[in-house]
Asker: 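Dropping a structure here in structure tokens format, bear with me for questions.
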Amino acid sequence: MSKRTPLIAGNWKMNKTATEGVELVKALAAAVGIESSVNVVLCPPFTALSAVGAAIEGTHLGLGAQNMHDKTSGAFTGEISASMLRDLHVTHVIIGHSERRSIFGEDDAFANRKVLASLASSLKPILCVGELLSEREANQTMEVVRRQIELGLAGVPAAKAESLIIAYEPVWAIGTGKTATPAMAQEVHAFIRKLLAQQFGPETAARILILYGGSMKPDNADALLAEHDIDGGLIGGASLEAKSFVDLVRSAVKSVTR
Ligand code: 13P
């Protein structure tokens, strides 16, 4: 871990009603609500954003969304705009998650439009990239990640680049209990930082957070977070229970002081 302040983000996916979310937040706030050496962001479903936002008031916990549309308003049934998120005091938004890509057919161009729209609204995009198992087995990991980064970040103004967050989520590790080894993850993270340096310069690239996601759990977090270019985690399953999520936050705190 470097001087970058780590971020632990919980992606609740399509889990938890507003009521259940508030219960979870109460437990998290009691345990790590005033922790300030790392940043913690909760990304509940849209329907729980308002209630979770109210429940984290006065704590150090932040609020993120799982998706957004790139247009500001209009006839897009079922969609949510950046300004709607901002109105709920959302600060972060996950973009291009592999589930959006594989289940809902979203491509790099759409992710790119969302990244640009989120930055224009002063939301921090968490752009997800990562290869399928078949792509890793065919030695295409770097090629896939390069395409997703280059297309996903096309046209990002240098002045806004430090607001970017990248999440490397190998698709074969998501929700499977399989995780990239720290060395495998570090290799891809370092490659992503090299791509960021090519686009934005080394100093800016050194300040951009690159999170790991994919079956990150309390028992593998310390080793992952010890890697130089792994700046935190985007957590699915282990973010749904207070104990495991709190343990992950504590791992990140430990990684700062190590
Ligand atoms: P899991 O932690 O459940 O593998 O999910 C990772 C993920 O997709 C976070 O966005």
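When a ligand or atom number is given, it counts from 1 through the structure's own listing order.
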Asker: Say whether Val256 and Ile230 are linked into one hydrophobic cluster, either directly or through other cluster members, by side-chain heavy-atom distances under 4.5 angstrom.
Answerer: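 Hydrophobic grouping puts Val256 with Ile230.
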Asker: Would you confirm whether Glu106, through its side chain, and Ala111, through its main-chain N or O, come within 3.5 Å as a donor-acceptor pair?
Answerer: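 No: the side chain of Glu106 does not pair with the backbone of Ala111.
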Asker: How about Gln66 and Trp12: does a side-chain donor come under 3.5 Å of a side-chain acceptor?
Answerer: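 Absent: no donor and acceptor within the cut-off.
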Asker: Would you check the N or O atoms of Glu99, main chain and side chain alike, for any that come under 3.5 Å of an N or O of ligand 1?
Answerer: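 No - when backbone and side-chain N and O of Glu99 are compared with those of ligand 1, no distance drops under 3.5 Å.
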Asker: Please state whether Ser215 comes within less than 4.0 angstrom of ligand 1, counting heavy atoms only.
Answerer: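 Heavy atoms of Ser215 do come under 4.0 Å of ligand 1.
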Asker: For Ser37, is there any backbone N or O sitting under 3.5 Å from a side-chain donor or acceptor partner on Glu35?
Answerer: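 Confirmed, Glu35 side chain pairs with Ser37 backbone.
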Asker: So which heavy atom in the protein is nearest atom 2 (O) of ligand 1, and how far is it from that ligand atom?
Answerer: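 Ranked first by proximity to atom 2 (O) of ligand 1 is Gly236 N, 2.9 Å.
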Asker: State whether the side chain of Ser244 and the backbone N or O of Glu241 hold a donor-acceptor pair below 3.5 Å, judged by distance alone.
Answerer: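 Yes, the answer is positive, given that a donor and an acceptor are paired below the 3.5 Å cut-off.
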Asker: Indicate whether the side chain of Asp229 and that of Gln186 have a donor and an acceptor atom separated by less than 3.5 Å.
Answerer: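 Yes, side-chain donor-acceptor contact under 3.5 Å.
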Asker: Return yes or no for this condition: an N or O of Thr176 is under 3.5 Å from an N or O of ligand 1.
Answerer: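 In this structure, Thr176 places no N or O atom under 3.5 Å from an N or O of ligand 1.
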Asker: Would you check whether Lys217 has a nitrogen or oxygen atom less than 3.5 angstrom from a nitrogen or oxygen atom of ligand 1?
Answerer: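 In this structure, Lys217 places no N or O atom under 3.5 Å from an N or O of ligand 1.
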Asker: Within ligand 1, which atoms have a heavy atom of Gly175 less than 4.0 Å away?
Answerer: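 Contacts of ligand 1 toward Gly175, numbered from 1: 1 (P), 3 (O), 4 (O).
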Asker: Which of the numbered atoms in ligand 1 are below 4.0 angstrom from a heavy atom of Asn11?
Answerer: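 Going through ligand 1 atom by atom, the ones under 4.0 Å from Asn11 are 9 (C), 10 (O).
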Asker: Going from NE2 on His89 to CG on Leu49, what distance comes out if it is rounded to the nearest 0.5 angstrom?
Answerer: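 If I round to the nearest 0.5 Å, the distance is 11.5 Å.
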Asker: By number and element, which atoms of ligand 1 are closer than 4.0 Å to a non-hydrogen atom of Gly237?
Answerer: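 Reading through ligand 1 atom by atom, the close ones are 1 (P), 2 (O), 3 (O).
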Asker: Using a 4.0 Å cut-off to any heavy atom of Glu169, which atoms of ligand 1 qualify?
Answerer: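 Counting from 1, the qualifying ligand atoms are 6 (C), 7 (C), 8 (O), 9 (C), 10 (O).
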Asker: Can a cation-pi geometry be assigned to Lys114 and Phe110, taking NZ or CZ under 6.0 Å from the six-membered ring centre and within 45° of the ring axis?
Answerer: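 Cation-pi check for Lys114 and Phe110: passes.
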Asker: Closer than 4.0 Å to some heavy atom of Gly214 - which atoms of ligand 1 meet that?
Answerer: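 Counting atoms of ligand 1 from 1, those under 4.0 Å from Gly214 are 4 (O), 6 (C).
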Asker: If we only consider heavy atoms of Ala173, is any one of them less than 4.0 Å away from an atom in ligand 1?
Answerer: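 Yes, Ala173 has heavy atoms under 4.0 Å from ligand 1.
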